Amino acid sequence: MSGGPRVRFAPSPTGYFHVGSARTSLYNWLFARKMGGTFVLRIEDTDTERNRREWLDGICESMAWLGLNWDEGPYLQSERRPDHIAALQRLHSQGDAYYCDCVREEVDKRNEANGRKTPGYDGFCRDRGLEAGEGRALRFKVGAGDPVVVHDLIRGDVVFERDTLDDFVIAKPDGSPLFVLANTVDDISMRITHVIRGEDLLPSTPKGMLVYRALTDAEYPAFAHLPMLVNEKRQKLSKRRDPVAIEDYRSKGFLPEAMVNYLALLGWSPGNDREILPLAEMVTEFKIERVNHSPAFFDVAKLEHFNGEYIRALSVEDFLSRAEPYLREGYSEAQHYVGSFESGIVGFKQIAPLVQERVSKLSDAWPMADFLFVEDDSVAYDSAAWEKVMVNGKVAAAGMLSGAVELFELGDWDAEALKSATSSVGEKLGLKLGKAQAPLRVAITGKTVGPPLFEAMVALGRESVLSRLKSAQEKLGG
RNA sequence: GGUCCCAUCGUCUAGUGGCCUAGGACACCACCCUCUCAAGGUGGAGACACGGGUUCGAACCCCGUUGGGACUGCCA
């Protein structure tokens, strides 16, 4: 493939894969797919203090899970160090960079003494002609000249006067290249044509452009700065205080297609009133110019709704296979009272469609169906449910249980028959079906809510149901 | 403090000068459906931050104010 645009997603592996990073990655991916371009994955791991191999693996796994396949990479920025060093040397020898031995405190003190309004670096070492040495960082010389204009595909032109740009550091005293340098050098050598990234990087873009021009006459890449994702306090999502790890959403039972769909709509809309749309359609509809300017709140409630929609759209077989790992997890964490997983799953398969339309996350399946996995004498009664239905409504509950035990012994064992049997027991007690089924539900599932009761009874089998009704009777009587 | 970005219902958004008494979705409320819970259906409440311009006409264009945010690191 040549000729098409080249974009890159360039995360730094310093933690779990962030929903904001996922959104950035997705937009790059959509753009590349839409334009028939190339999507490059580049890992910016130059900060050796904070980077860890496991985070890198996490990024790759999460991207694969979301279906964001990359065409090149992952390239490790750390392995491109020779290129960066060469660029550094070239900038220095060209006179575009100089060594500086100022420390923070000195600069601050000078700025204060000079009453300088912009408290950044003051250019103290610019003309001192220092050579490389201990404690000497390399700074890029911004100098005078025309303002730097970032042509942003989303925001239009953003103008930066050069005197508002400090001479920024491009290499540490030990020679390590820093972000703006490494990032720019890599974009040049990877022939990146479109830089699509978070708005937090907008202030560093003019600096990158200066480095870019000092290193090559090639045309600048086009830039597109995506609006931030924010929390309820409208602040940039933070790994420390906000629930942002893609891994966590995955383990809670969110579907990758729902996640991608939701993320795509955070800052972009196809323009008609459609929200739920398949990936392929997002690709054809995607236009980077249509991305919003303002920050978006990551609303888990809406994500859950999307997830529910996607779960309900699954075939039953697909739902079953996707839900099974979550059932296994619930099962293994509840081992103190469960029976065999295999027998439970047999029952689950029978009511799967009924569960499917009631959950918004795959992890909701276990609490809704755990009664299928427990031994008949170990139903875990929810204490509030027992109190409300069995204790407060003791007379009705006792009547329902004994009536049901009597009727369920004989007769057809299907949902319709069980429903009418329950109705008739209820009628004798002056109870409508809604009230009548409650004690049976608690006796059988331990809860007041769950999948449709009569189908659940069928899945459980006559023997188990009778046994559970009798256990409840005993507990109630005793 | 400085530089830059942003501003439509609580939230995500549609809207690119007349189609807007501003549309959709989530959340919320009510009702219907109903064996519980969901799902579904119907209805409801709910927004153009403010002030000036420009124009026959402004949510849309310009300026200002206010508010929010990002950056301001020898992190990325």
Side-chain angles (χ1 to χ4, degrees), chain A residues 10-14 44-47 49-51 77 100 102-104 116-121 135-139 150 152 155 158-161 163-166 168-174 176 178-180 182-183 197-206 225 227-228 230 232-236 262 265-276 292-306 308-309 312 354-360 364 368 385 389 415 418-419 422-423 426 432-438 440-442 445 447-456:
Chain A
S12 69
T14 57
E44 308 223 328
D45 57 348
T46 54
D47 185 352
E49 305 272 308
R50 300 198 303 154
N51 294 147
Q77 193 162 63
C100 166
C102 297
V103 296
R104 184 98 200 150
R116 196 162 175 268
K117 288 197 209 70
T118 54
Y121 182 66
R136 290 176 181 175
L138 190 64
R139 285 185 185 273
V150 179
D152 191 288
R155 287 155 216 283
V158 183
V159 181
F160 294 86
E161 295 295 337
D163 59 12
T164 67
L165 267 20
D166 298 327
F168 51 97
V169 176
I170 54 179
K172 294 189 198 182
D174 68 2
S176 309
L178 260 13
F179 169 68
V180 172
N183 184 270
R197 45 157 50 152
E199 191 197 336
D200 49 344
L201 266 355
L202 183 51
S204 80
T205 301
H225 289 92
M228 302 311 295
V230 299
E232 61 287 339
K233 291 164 70 185
R234 310 299 304 176
Q235 291 166 325
K236 176 177 161 181
Y262 178 67
L265 260 30
L266 238 35
W268 173 79
S269 144
N272 45 34
D273 281 333
R274 291 194 60 200
E275 292 201 313
I276 305 283
N292 281 164
H293 299 183
S294 47
F297 171 61
F298 186 84
D299 186 0
V300 180
K302 187 151 183 174
L303 205 211
E304 286 206 25
H305 173 261
F306 273 41
E309 295 270 356
R312 275 173 257 127
L354 303 174
V355 174
Q356 184 178 359
E357 61 185 79
R358 284 172 172 74
V359 295
S360 62
D364 294 338
M368 187 166 289
V389 175
L418 289 167
K419 183 176 178 180
T422 303
S423 285
K432 287 185 181 170
L433 191 52
K435 291 283 184 192
Q437 58 90 38
L440 307 188
R441 181 182 292 279
V442 172
T445 70
K447 298 169 186 170
T448 54
V449 301
L453 184 59
F454 308 111
E455 283 79 356

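Throughout, protein chains are lettered first and strands after them, A, B, ... in sequence-line order, and every chain is numbered starting at 1. In this text, all values refer to a predicted model and were calculated from it rather than measured experimentally.
- Atom name C1', nucleotides B:C19 and B:G57: the rounded distance is 14 Å, in whole Å.
- A straight line from CG of A:L201 to C1' of B:A76 spans 7 Å, rounded to a whole angstrom.
- Partner assigned to B:C50 is B:G64, using Watson-Crick or G-U wobble distances below 3.5 angstrom.
- The phosphate of B:A76 (OP1 or OP2) has no side-chain N or O of A:N183 nearer than 4.0 angstrom.
- Under 4.0 angstrom from either OP1 or OP2 of B:G73 there lies at least one side-chain N or O belonging to A:R104.
- Taking the side chain as every heavy atom from C-beta outward, A:T205 and A:R197 approach each other to under 4.5 Å.
- Spacing of P atoms, B:C4 relative to B:U65, comes out at 14 Å, to the nearest Å.
- Separation of the C1' atoms belonging to B:U21 and B:A59 is 15 Å when rounded to the nearest angstrom.
- Residues A:E275 and A:V103 both approach RNA chain B. Their nearest nucleotides, taken by heavy-atom distance, put A:E275 toward the 5′ side.
- Spacing of C1' atoms, B:G53 relative to B:C20, comes out at 23 Å, to the nearest Å.
- We find the CE-CD distance between A:M228 and A:Q235 to be 12.0 Å, quoted to the nearest 0.5 Å.
- Listed for the A:D152 side chain is a donor-acceptor partner under 3.5 Å among the backbone atoms of A:H225.
- Across all strands shown, nothing is found opposite B:A45 as a Watson-Crick or G-U wobble partner with both distances under 3.5 Å.
- Residue A:D45 contributes atom CG, which lies 13 Å from atom C1' of B:C75 at whole-angstrom precision.
- B:G23 and B:U16 have their P atoms separated by 14 Å, with the value rounded to a whole Å.
- A donor-acceptor pair under 3.5 Å is absent between the side-chain atoms of A:Y262 and the main chain of A:V300, judged by distance alone.
- In this structure, A:E232 places its CD atom 16 Å from C1' of B:C26, rounding to the nearest Å.
- Heavy atoms of A:L138 sit nowhere under 4.0 angstrom from any nucleic acid atom.
- One cannot find a donor-acceptor pair under 3.5 Å joining the base of B:G68 and the side-chain atoms of A:Q235.
- Across all strands, A:E44 comes closer than 4.0 Å only to sugar-phosphate atoms, never to a base (heavy-atom distances).
- Atom NZ of A:K447 is separated from atom CZ of A:R441 by 11.0 Å, given to the nearest 0.5 angstrom.
- Two residues, A:P173 and A:W268, neighbour RNA chain B, and the one matched to the more 5' nucleotide by heavy-atom proximity is A:W268.
- Inspection of the A:N292 and A:S294 side chains reveals no N or O donor paired with an N or O acceptor under 3.5 Å.
- Under 4.0 angstrom from either OP1 or OP2 of B:A14 there lies at least one side-chain N or O belonging to A:N292.
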Letter per nucleotide, 5' to 3', of nucleotides 28-44 of chain B [B base touched, S only sugar-phosphate touched, - untouched; heavy atoms, 4.0 Å]:
-------BBBBSS----
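- If you look at A:Y121 and A:F168, their ring centroids are not closer than 6.0 Å.
- To the nearest 0.5 Å, atoms CZ (A:R358) and CZ (A:R312) are separated by 11.0 Å.
- One atom, CG of A:D273, and another, C1' of B:C26, lie 14 Å apart when rounded to the nearest Å.
- Across all strands shown, nothing is found opposite B:G57 as a Watson-Crick or G-U wobble partner with both distances under 3.5 Å.
- With hydrogens and angles left out, the side chain of A:K302 and the base of B:A27 share no donor-acceptor pair within 3.5 Å.
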Each nucleotide in nucleotides 1-7 of chain B should get exactly one letter: B, S or -. Can you fill that in based on protein heavy atoms under 4.0 Å?
BSSSSSS
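- In this structure, A:G426 reaches neither bases nor backbone, as no heavy-atom distance under 4.0 Å exists between it and the strands shown.
- Using a 4.5 Å cut-off on side-chain heavy atoms (C-beta onward), A:K302 and A:L265 make no contact.
- Remark: B:A38 base-pairs with no nucleotide; criterion is Watson-Crick or G-U wobble with both hydrogen-bond distances under 3.5 Å.
- No side-chain donor from either of A:T422 and A:Q437 sits under 3.5 Å from a side-chain acceptor of the other.
- Across all strands shown, A:T46 has heavy atoms under 4.0 Å from sugar-phosphate atoms exclusively, and none from any base.
- Base pairing analysis places B:U3 opposite B:A70; the two distances defining the Watson-Crick or G-U wobble pair are each below 3.5 Å.
- Atom CG of A:D200 is separated from atom C1' of B:U72 by 13 Å (rounded to the nearest Å).
- Residues satisfying the side chain to side chain contact (heavy atoms under 4.5 Å, CB included) test with A:T448, not counting sequence neighbours, are A:A385, A:V389, A:V442.
- Between B:A7 and B:G15, the distance separating the two P atoms is 14 Å to the nearest Å.
- Comparing the same atom, P, in B:U42 and in B:C33 gives a spacing of 15 Å after rounding to whole Å.
- In this entry B:A25 has B:U11 as its Watson-Crick or G-U wobble partner, both defining distances falling under 3.5 Å.
- Using modelled atom types, one side-chain atom of A:R274 and one backbone atom of A:I276 make a donor-acceptor pair closer than 3.5 Å.
- The separation between A:R274 atom CZ and B:C12 atom C1' is 17 Å, rounded to whole Å.
- Here, B:G24 and B:U66 have their C1' atoms 30 Å apart, quoted to the whole Å.
- Within the shown strands, nothing qualifies as a pairing partner of B:C75 under the Watson-Crick or G-U definition with both distances less than 3.5 Å.
- In this structure, CG of A:L303 is placed 14 Å from P of B:C26, rounded to the nearest angstrom.
- We find that CZ of A:F179 is positioned 14 Å from P of B:C74, with the value rounded to whole Å.
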